[in-house]
Trainee: 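Sharing a structure, written as structure tokens. Questions coming.
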Amino acid sequence: MEPISTEQARTLQRELAREVLLDDAFPGRIETVCGLDCSYSGRGRRGRMIAGAVVLRFRTWERIDSSVAEGEIPFPYVPGLLSFRELPLLLEALEGLKEPVDLAFVDGAGIAHPRRFGLASHLGVVTGLPSIGVAKSRLCGVYDEPGPERGASSPLLEGGETVGTVLRTRDGVRPLFISPGHKVSLASAPRLVLACCGRYRLPEPTRRAHELVTARRAVWKEDDRDATS
DNA sequence: GCGACAG
DNA sequence: ATCTTGTCGC
């Protein structure tokens, strides 16, 4: 993605949104799931970021592969245009994997997006991978607060259509905003996320990916400390 | 014009 | 997302 204006970015999203498939198109039996996440540098290395991908065996959560990529931040954070900021490096991280991925869990929105093309959908369409958007807060849409117990959910509506599911993944915690990215249906997305949630609010793939990039960022801090002392 | 706004 | 200490609640 070369330098692009925000208007060009929005136009591109409207075009690519037509490629999104909302029917389940992953292996009948899922073998592996992949969690993706990004982290940014604080002081010292302004303008740098890290992307990480972790491949886990479905249900046992054994880590069978992982990859990290580092680089310059290519685009500012603009609500609705997150993919132009995080997708490039996430794709690099994916390229570093050796194990096959059946389903990807992305931090952010899928079709629960102003143009129905959030980061999870963009990543899915570009790679062809089935993907699910797992956002910790709402980007768009209206909903009723789901019940307080694990598994409770309510539809996320926008413009008269259902674009996702507000899902409680643990008793008493804030709900997650789940939406199909690509090749996953509106009904399957929350079921798959819940199947990946145990003791934590975030699904295991997402949680492990966050762990990975956080650990990598700690190395930056060490390097900066050594260089400064 | 005002408020909202993934990470 | 990141900057930050202690602290309120299950």
Side-chain angles (χ1 to χ4, degrees), chain A residues 1 6 9-10 13 16-17 20 35-53 68-91 93 104-125 131-143 148-150 156-159 163-182 189-190 193 199-203 205-207 209-221 224-225:
Chain A
M1 284 182 267
T6 55
R10 294 191 181 93
Q13 290 182 326
L16 292 176
V20 173
L36 300 152
D37 191 26
C38 289
S39 180
Y40 300 82
S41 59
R43 281 178 120 69
R45 302 199 187 204
R46 286 183 296 275
R48 302 281 298 177
M49 64 183 286
I50 304 168
V68 295
E70 302 177 22
E72 301 292 327
I73 298 176
F75 199 85
Y77 172 68
V78 179
L81 300 180
L82 183 64
S83 57
F84 296 89
R85 181 180 175 84
E86 302 195 336
L87 186 57
L89 213 52
L90 283 175
L91 293 178
F105 287 72
V106 182
D107 263 56
I111 63 169
H113 175 279
R115 290 165 292 285
R116 305 293 181 275
F117 201 67
L119 176 59
S121 296
H122 203 149
L123 183 144
V125 166
S131 64
I132 296 177
V134 181
K136 296 178 290 298
S137 61
R138 183 196 74 95
L139 171 60
C140 69
V142 295
Y143 63 96
E149 75 286 359
R150 171 193 161 93
L156 181 57
L157 311 168
E158 215 229 46
V163 296
T165 304
V166 183
L167 176 69
R168 192 89 61 186
T169 55
R170 279 195 67 189
D171 289 357
V173 302
R174 279 180 299 140
L176 254 31
F177 297 75
I178 311 303
S179 61
H182 185 50
V193 168
R199 180 186 171 188
Y200 304 91
R201 177 168 85 119
L202 296 177
T206 298
R207 208 178 64 76
H210 192 275
E211 249 177 21
L212 178 66
V213 297
T214 296
R216 184 63 186 105
R217 201 167 72 99
V219 175
W220 276 6
K221 292 186 175 180
D224 292 344
R225 172 177 57 73

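Note on naming: letters A, B, ... go to the chains in the order of the sequence lines (proteins, then strands), and numbering restarts at 1 for each one.
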Trainee: Find the distance A/M49:CE to C/dA1:C1' and express it as a whole number of Å.
Mentor: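 Whole-Å distance recorded here is 10 Å.
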
Trainee: Do A/L139 and A/E158 have side-chain heavy atoms sitting under 4.5 Å apart?
Mentor: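 No, their side chains stay 4.5 Å or more apart.
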
Trainee: Heavy atoms only: give me the nearest A/S179-A/A189 pair and the separation to one decimal.
Mentor: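 Nearest heavy atoms, A/S179 then A/A189: C-CB, 4.4 Å.
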
Trainee: Could you list all N or O pairs between the protein and nucleotides 4-6 of chain C that sit under 3.5 Å apart?
Mentor:
none

Trainee: Can you tell me which residue among A/R217, A/H210, A/E70, A/R216 is in a side-chain hydrogen bond (donor to acceptor under 3.5 Å, both in side chains) with A/S39?
Mentor: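 With A/S39 as partner, A/R217, A/H210, A/E70, A/R216 yield a single side-chain hydrogen bond (donor to acceptor under 3.5 Å, both in side chains), made by A/R217.
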
Trainee: Could you pull out the protein-nucleic contacts involving nucleotides 2-7 of chain B (nitrogen or oxygen on both sides, under 3.5 Å)?
Mentor:
{"unit_1": "B/dA4", "atom_1": "O3'", "unit_2": "A/R138", "atom_2": "NH2", "d": "3.3"}
{"unit_1": "B/dC5", "atom_1": "OP1", "unit_2": "A/R138", "atom_2": "NH2", "d": "2.7"}
{"unit_1": "B/dA6", "atom_1": "OP2", "unit_2": "A/Y77", "atom_2": "OH", "d": "2.6"}
{"unit_1": "B/dA6", "atom_1": "N7", "unit_2": "A/G80", "atom_2": "N", "d": "3.1"}
{"unit_1": "B/dA6", "atom_1": "N6", "unit_2": "A/G80", "atom_2": "O", "d": "2.9"}
{"unit_1": "B/dA6", "atom_1": "N6", "unit_2": "A/L81", "atom_2": "N", "d": "3.1"}
{"unit_1": "B/dA6", "atom_1": "N6", "unit_2": "A/L82", "atom_2": "N", "d": "3.0"}
{"unit_1": "B/dA6", "atom_1": "N1", "unit_2": "A/L119", "atom_2": "N", "d": "3.1"}
{"unit_1": "B/dA6", "atom_1": "N3", "unit_2": "A/A109", "atom_2": "N", "d": "2.9"}
{"unit_1": "B/dG7", "atom_1": "OP1", "unit_2": "A/K136", "atom_2": "N", "d": "2.7"}
{"unit_1": "B/dG7", "atom_1": "OP1", "unit_2": "A/K136", "atom_2": "NZ", "d": "3.3"}
{"unit_1": "B/dG7", "atom_1": "OP2", "unit_2": "A/S137", "atom_2": "OG", "d": "3.0"}

Trainee: Could you give me the stems involving DNA chain C, meaning stretches of three or more consecutive Watson-Crick or G-U wobble pairs whose two defining distances are both below 3.5 Å?
Mentor: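 Correct response: none, since no qualifying run exists.
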
Trainee: Heavy atoms, side chains only, cut-off 4.5 Å: are A/L89 and A/M49 in contact?
Mentor: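 Sidechains of A/M49 and A/L89: in contact.
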
Trainee: Tell me whether A/S131 contacts the main-chain N or O of A/H182 through its side chain, where contact means a donor paired with an acceptor under 3.5 Å.
Mentor: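 Checked: pair present.
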
Trainee: Extract from the structure each pairing of a protein N or O with an N or O of nucleotides 7-10 of chain C at less than 3.5 Å, listing the distance.
Mentor:
none

Trainee: Answer yes or no: does a side-chain N or O of A/R217 lie under 4.0 Å from OP1 or OP2 of C/dC3?
Mentor: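 Yes, within the criterion.
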
Trainee: I'd like to know if the side chain of A/R85 and the backbone of A/F75 have a donor-acceptor N/O pair within less than 3.5 Å.
Mentor: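 Judged by distance alone, yes, a pair lies under 3.5 Å.
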
Trainee: Consider only side-chain N and O atoms of A/Y40 and A/E86, and report whether a donor and an acceptor are under 3.5 Å apart.
Mentor: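 A/Y40 vs A/E86: donor-acceptor pair found between side chains.
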
Trainee: At their closest point, which heavy atom of A/V213 faces which heavy atom of A/D37, and how far apart are they?
Mentor: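 So the minimum-distance heavy-atom pair works out to CG1-O, 3.4 Å.
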
Trainee: Which residue pairs pass the salt bridge (Lys or Arg N to Asp or Glu O under 4.0 Å) test when at least one of the two sits in residues 72-84 of chain A, sequence neighbours left out?
Mentor: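 Found A/R48-A/E72.
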
Trainee: Which class fits the ring pair A/H122 and A/F117: parallel under 30°, tilted 30 to 60°, perpendicular over 60°?
Mentor: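 The rings of A/H122 and A/F117 sit tilted, inter-plane angle from 30° to 60°.
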
Trainee: Main chain of A/T169, side chain of A/R201: is a donor-acceptor contact present, judged purely on distance under 3.5 Å?
Mentor: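 No.
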
Trainee: What heavy-atom pair brings A/A51 and A/A93 nearest, and what distance separates the two atoms?
Mentor: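 Of all heavy-atom pairs spanning A/A51 and A/A93, the closest is O-CB, 4.0 Å.
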
Trainee: Angle class for the A/Y143/A/F177 ring planes (parallel below 30°, perpendicular above 60°, tilted otherwise)?
Mentor: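 Aromatic pair A/Y143/A/F177 classed perpendicular.
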
Trainee: I'd like to check A/P203 versus A/L176 (side-chain heavy atoms, cut-off strictly below 4.5 Å). Are they in contact?
Mentor: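 Sidechains of A/L176 and A/P203: in contact.
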
Trainee: Dot-bracket for DNA chain B, 5' to 3', with Watson-Crick and G-U pairs under 3.5 Å, [ ] for crossing pairs and | for other-strand pairs: what is it?
Mentor: .......

Trainee: Taking A/R168 for its side chain and A/V173 for its backbone only, find out whether a donor-acceptor pair lies under 3.5 Å.
Mentor: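 Confirmed, A/R168 side chain pairs with A/V173 backbone.
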
